[in-house]
Each structure stands twice: as C-alpha cells, then as structure tokens.
*Asks:* 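Quick one: the structure is below, questions incoming.
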Amino acid sequence: MSASNGAKGNSHNKARTSPYPGSKVQRSQVPNEKVGWLVEWQDYNPVEYTALSVLAGPRWADPQISESTFSPKFNEKDGHVERKSQNGLYEIENGRPRNPAGRTGLVGRGLLGRWGPNHAADPIITRWKRDKSGNKITHPISGKNILQFVAIKRKDCGEWAIPGGMVDPGEKISATLKREFGEEALNSLQKSSAEKRKLEEQLHKLFSQEHLVIYKGYVDDPRNTDNAWMETEAVNYHDETGEIMDNLTLEAGDDAGKVKWVDISDKLKLYASHSQFIKLVAEKRDAHWSEDSETDCHGL
C-alpha cells in the first residue's frame, strides 16, 4: 500500500484521470513510465487548474501561494492546520509541495483546499450478517462469515463509499471519524437536541471500543494534483454482537444520497481506494472476501 512509488502497481491511476472532477479540464497525459519524479521529463507541461470554489477563499481553503501574506509551514503542524504527510517528508519546488506519488498532469489544487496533504478520515463500521434467528451467515463457497459495512452513495459522483470526510483544523482524527459517520450515515445535523443526545450515547459506545487502524497515508484520488493530494486514516469499528447498530437507524445526511448495510466481497465497486480498505478489513476479521480458493494478493 505504499504510495511513494507512483509508477508501481495501480497506486496512481485515479489521480491521472480526465476530465478533472466537476470540470471539463483535461489533464496532460502522463504515461506509466513517466509518473515518478526521478524520471527526467523536460517537456512535462501540466495544466494549471484550481476550482473557483477554492479560489473564493472558504475557511477550509488556503490562499494562493503567490499571496504575500501567506507563508505556510510545510511538513509540520502549521497552527491548527496539519501540513505533515502520513508518508513522511515531501519535496517543495518553487514554493509548492510536490505530490509524493508522482506526476498527475495537473498543477494547482483542483478541488482541494490545502496545498500539500488534505487529511480525511474514513470510519468503516462493520457487523456480521445474521439470519432471522440471529445466527451468523456463512458464505456457501468460502465457508467464511459474511461481514457487512455501512456504505453511503455520494451525491457528487453517485458511487458507493465509506462515509468519511475532511479533518477540521485542530480536530482529532477520532472526533472526525465519529462526526462524519453521524452526519453522513445517521443524518445527525437534522436531529433535535434530544435525538442528538441519544445518538451521541450510542455513537460513544461504538467509537470508544477497540478499533483497527486499517490504513494511514496517501490515497489515489481523482481530485489529486501535482501540488495537492488526499491522505486518509481508515479505521474499522466493529459491532461484534450487532446490538449497538440495532439501536441506530441509518439515514442519509450531508453529502450522502443514500445509506445502507452492504455485504463485503470482491464484487464491490467503490469510490477512490475504498475497495482496498474494505478488503483489508475482511482479511483482518477473517471474513468472506472472494469465491476463489486462492485470493488475489495484488490489491484491487
């Protein structure tokens, strides 16, 4: 899962796709052998693009590098803004951070607010699939128990995904995980204060138990550019008995169009790198993943 080696495997495919999300902008084409920065490419001529929604200066976005009042501290904690990468130090070239996974065919920030790493958190909430009597259901071919996770359908692209989101400045990852799950999968923003309190109690039970950090680091994401990229911490919270989640009604909110429990298997087609995270959860929980006797070890 190391993402520092752009050209290897498929760690850097979505970050080279065109058109850029939410626009008609076509990236300069970057062949596989030219992804890595160590490969000399004097004619490399990436397109410059930063979305108007970012240039408008919302509180979640940095100013342009050229602004005289803006002097970011890259590779460190910059006030409340975390500019450190989970993948170690990144290079700064002409005052701009350089994507550690390689060339993307586009410079600027695209839809991303921060120069350099843009930190997200992905809560993967799981339970065992059970029959009417409450017994775990095993897959007829693999013989392993079937795990389910809470998936949302994203409004922006219509793909199914883990209900994650961006880490607010100064916010702990654990708080982001809980907040995003509440907002996107339980519609917490629209609840009355009494409903919110009840919801908070159940969420506290779920999020205060032991959990598995599935992945930390660079994410191959269609929004990435040469100067701004997504990083995430994907964390699995497992409701072993199913009792906590039985008391919570799934209801889509915020960025989600729909929300539901989804059976985990290699048939899933999910947003960005989410399929890889879900596969890791299935492996760690020794749950069903593939109908093939020899599961593919090369990622998705």
*Asks:* I want to check a possible cation-pi pair here: Lys129 against Trp261, using under 6.0 Å from ring centre and within 45° of the ring axis as the test.
*Replies:*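 Judged by the rule, Lys129 and Trp261 form no cation-pi pair.
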*Asks:* For Arg223, give me all partners under salt bridge (charged side-chain N to carboxylate O under 4.0 Å, His left out), at least two apart in sequence or on another chain.
*Replies:*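 Arg223 satisfies salt bridge (charged side-chain N to carboxylate O under 4.0 Å, His left out) with Asp221 once adjacent residues are dropped.
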*Asks:* For Asp266, is there an ion pair with Lys279 - N to carboxylate O distance below 4.0 angstrom?
*Replies:*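 The answer is no: the pair does not qualify as a salt bridge.
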*Asks:* What pairs with Asp168 under salt bridge (charged side-chain N to carboxylate O under 4.0 Å, His left out), at least two apart in sequence or on another chain?
*Replies:*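 Once residues adjacent in sequence are excluded, the partners of Asp168 under the salt bridge (charged side-chain N to carboxylate O under 4.0 Å, His left out) criterion are Arg179.
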*Asks:* Can you name the residues that form a side chain to side chain contact (heavy atoms under 4.5 Å, CB included) with Asp78, not counting sequence neighbours?
*Replies:*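 Testing Asp78 for side chain to side chain contact (heavy atoms under 4.5 Å, CB included), a comparison that skips the adjacent residues, returns Pro72, Lys73, Arg83.
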*Asks:* Check this for me: Glu76, atom CD, are more than 12 non-hydrogen atoms of other residues, nucleotides or ligands nearer than 6.0 Å?
*Replies:*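 Yes, enclosed.
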*Asks:* Between Lys136 and Glu240, does at least one N-O distance fall below 4.0 Å, as a salt bridge requires?
*Replies:*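 A salt bridge is present here (some side-chain N lies under 4.0 Å from a carboxylate O).
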*Asks:* Of all residues at least two apart in sequence or in a different chain, which pass the ring pair (Phe, Tyr, Trp, His ring centres under 6.0 Å) check with Trp128?
*Replies:*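 Scan of Trp128 (ring pair (Phe, Tyr, Trp, His ring centres under 6.0 Å), adjacent residues dropped) gives His238.
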*Asks:* Salt-bridge test for Glu200 and Lys178: reply yes if a basic N is under 4.0 Å from a carboxylate O, no otherwise.
*Replies:*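 Answer for the salt bridge query: yes.
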*Asks:* Under the side-chain hydrogen bond (donor to acceptor under 3.5 Å, both in side chains) rule, collect the residues that match up with Ser142, sequence neighbours excluded.
*Replies:*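 Only His288 meet the side-chain hydrogen bond (donor to acceptor under 3.5 Å, both in side chains) criterion with Ser142.
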*Asks:* Less than 4.0 Å between a side-chain N and a carboxylate O, is that true for Glu48 and Arg96?
*Replies:*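 Yes, Arg96 and Glu48 are salt-bridged.
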*Asks:* Does Asp131 have any salt bridge (charged side-chain N to carboxylate O under 4.0 Å, His left out) partners at least two apart in sequence or in another chain, and if so, which?
*Replies:*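 Scan of Asp131 (salt bridge (charged side-chain N to carboxylate O under 4.0 Å, His left out), adjacent residues dropped) gives none.
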